[in-house]
Amino acid sequence: MIGQNQGMVLRASDDRLVVVSTEGCDAHDVPNRHPEAPGRLISAAAGVRASVPAERMREVSPQRASVDELAEAHDREYLTMLIADAEAGGSQLDADTYTARGSFETARRAAGAVLAAVHEVDSGKAQRAFALVRPPGHHALADRAMGFCLVNNVAVAAATLRNRGERVVIIDWDVHHGNGTQDIFYNDPDVMYISTHQAPHYPGTGAVHEVGGEHARGSNINIPLRAGSAGDMMLAAFDDVILPAITDFAPSRVLLSAGFDAHRDDPLADLQLTSADYVDLTHRVLSVCPNGELVAVLEGGYHFQALARSAGAVAAVLAGVDPSIDEGEEVTSGDVDTAVIDAANKERT
Ligand code: ZN
């Protein structure tokens, strides 16, 4: 099953970065001062367009995902509830997850944007794509909204690829553990989920010993990071655990849950990354992507300027142009917690 499409299609005649943004179809209103606000997406898209020359990117319009497509990762009863909730004008679905009349439509566009990004790469039309979407997805469970997330965008894409016989790795560097993505694929030997996240922190899951269910041991990797961790800790996690694990798993597709709330300016967490750190991490990710192909999906990131800079820097790397790093955004270093690296590797073997 490994890489069944590799070598059979002429790849990436167009090496521009594909960007699929849902900015113009964003009717997911949230209460005043809610951090997961429409301005996030406007900032991220502006950052990408400022960092990547127009001739190095190609924008693709998002389609809305069908209910059948969403059902690849979600229970139909849950989707029916979301439709009814929107028709009723929205509600509060958990402690910090609110919906409005346009929320389900926005969520469908977000998932559809990720599917469009996957299609661009899967069909050989592009090598790399970046889906700029909200609401984020990685906390959404198969049957429940959670942590600002309604539909698990990356999970819908991963499940779709897996059903086509692909072997998928999802790398999630959002500062929060993607409990929803982990849960959806916990027993799936063909989808590896890898998360770096601050711990202890919301949502409380993501311990090193959560390594996958009975039929998928080793296909789930968590690297919990202490508050204050900086870029060198992330690089150590990638170099010493994540990249070797991906090489061993031998995926045919790699998806990146690209949250930017591990940036040091982010108001919701306490890691210390900068846009230059995200540049280094992006190069690490690309080093293990089959044919250099990658689909990145926006997750969190709640400081508008940090989000714009970081998403822009990552997009520049994906587009093959030199990212310009603003003053004060140089790579960071701090304490490297070798104990968690050793623990993660011990769980893996
Ligand atoms: Zn997050």
Side-chain angles (χ1 to χ4, degrees), residues 28 30 33-41 43-44 47 93-98 106-107 110-111 114 130-141 144-155 158 170-184 193-207 210 221-231 233-234 237 242 255-275 277-278 281-282 285 296-311 313-314:
H28 175 48
V30 289
R33 289 201 272 267
H34 194 286
E36 204 291 286
R40 296 183 54 240
L41 196 49
S43 301
L93 296 180
D94 88 340
D96 50 18
T97 312
Y98 299 83
T106 305
V114 180
F130 199 169
L132 300 174
V133 300
R134 70 175 284 273
H138 72 156
H139 297 304
L141 296 151
R144 189 150 58 88
M146 190 173 156
F148 312 162
C149 305
L150 305 178
V151 164
N152 195 318
N153 305 310
V154 82
I170 303 167
I171 302 170
D172 183 343
W173 71 33
D174 188 280
V175 82
H176 303 99
H177 180 242
N179 61 296
T181 315
Q182 169 172 303
D183 192 67
I184 287 166
Y193 175 72
I194 303 170
S195 175
T196 55
H197 48 273
Q198 183 179 329
H201 200 44
Y202 183 88
T205 49
E210 296 163 14
I221 295 176
N222 285 315
I223 307 188
L225 306 168
R226 292 193 292 235
S229 295
M233 178 65 212
M234 287 288 278
I242 296 171
L255 305 175
L256 175 64
S257 266
F260 295 102
D261 40 12
H263 192 283
R264 66 179 171 200
D265 292 338
D266 196 274
L268 296 196
D270 307 294
L271 296 195
Q272 299 296 323
L273 302 196
T274 56
S275 49
D277 291 320
Y278 285 113
L281 293 175
T282 306
V285 169
V297 180
L298 182 63
E299 297 280 359
Y302 304 97
H303 184 285
F304 288 2
Q305 205 168 24
L307 176 57
R309 283 180 174 144
S310 304
V314 167

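What you are looking at is a predicted structure, and each value in this text was computed from that prediction instead of being measured. The analysis underlying the following values was restricted to heavy atoms, covering all of them including side chains, and did not include hydrogens, waters or symmetry mates. Both counts, for ligands and for their atoms, begin at 1 and track the order of listing. The residues of the chain are indexed from 1 along the displayed sequence.
For the pairing with Met234, the side chain to side chain contact (heavy atoms under 4.5 Å, CB included) check across Ile242, Leu225, Asp277 returns one residue only, Leu225.
Every residue was checked against the side-chain hydrogen bond (donor to acceptor under 3.5 Å, both in side chains) condition with Asn153, not counting sequence neighbours, and none meets it. Here Phe130 pairs with nothing under the ring-ring contact (aromatic ring centres under 6.0 Å, His included) rule; sequence neighbours left out.
When only modelled atom types and interatomic distance are considered, Thr205 and His177 share a side-chain donor-acceptor pair under 3.5 Å.
The name of the N, O or S atom in Asp261 nearest to the Zn ion (ligand 1) is OD2. Of all N/O/S atoms in His176, ND1 sits nearest the Zn ion (ligand 1). Of all N, O or S atoms in Asp174, the one lying closest to the Zn ion (ligand 1) is OD1.
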